[in-house]
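Keep in mind the model is a prediction, meaning the values are calculated, not measured. Hydrogens, waters and symmetry mates are skipped; everything else that's a heavy atom, side chains included, is used.
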Amino acid sequence: VLPLLVLVVLGGPEVLEADQASGTISARFPGRSTESVVARLERDHGILVDLEGDRAVFRLSPQVSFEALDYVWGCLFQILG
């Protein structure tokens, strides 16, 4: 089971829900189209994220490394920056 650390950063993702048991994190991106952020993650960085309404849904398995999470976080801030 992955421990989840949620940081509130001005201009960053807004975490709406985090379920440690399933490894699911739902977020949106204030001031940005969630659809366009999700599309850029896939197109520019090869990161697949589900889009459910106005939510980006990240599904993590216990095998996801810290480095992989750090990469996704960095890509998000590159897009949002």
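Atom CG of Leu69 is separated from atom CG of Leu60 by 6.0 Å, given to the nearest 0.5 angstrom. In this structure, CG on Leu41 lies 7.0 Å from SG on Cys75, to the nearest 0.5 angstrom. Here the CG-OG1 distance, from Asp50 to Thr24, works out to 9.0 Å after rounding to the nearest 0.5 Å.
Hydrophobic clustering (side-chain heavy atoms under 4.5 Å, transitive across Ile, Leu, Val, Met, Phe, Trp, Tyr) keeps Val15 apart from Val57. Note: the hydrophobic cluster containing Phe58 does not contain Leu16 (ILVMFWY, side chain heavy atoms under 4.5 Å, direct or indirect links).
Scored by the side chain to side chain contact (heavy atoms under 4.5 Å, CB included) test, Glu42 finds Leu48 as partners (sequence neighbours excluded). Qualifying side chain to side chain contact (heavy atoms under 4.5 Å, CB included) partners for Arg40, counting only residues two or more places apart in sequence or in other chains: Arg43, Asp44, Ile79.
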Would you sort out whether Arg28 and Glu17 count as a salt bridge (charged side-chain N to carboxylate O under 4.0 Å, His left out), showing the intermediate values?
-> CA-CA 10 Å; Arg28 64 180 168 197; Glu17 186 177 354; over 6 Å; no

CA sep, side-chain torsions, deciding dist, call: Ser33, Glu35, side chain to side chain donor-acceptor pair (under 3.5 Å) | CA-CA 5 Å; Ser33 158; Glu35 184 176 4; 5.0 Å; no

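Using a 4.5 Å heavy-atom cutoff, the side chains of Pro13 and Phe77 are in contact. Using a 4.5 Å heavy-atom threshold, the side chains of Arg55 and Thr34 count as separate.
Between Val64 and Ala68, the shortest heavy-atom distance links the atoms CG1-CB, 4.0 Å.
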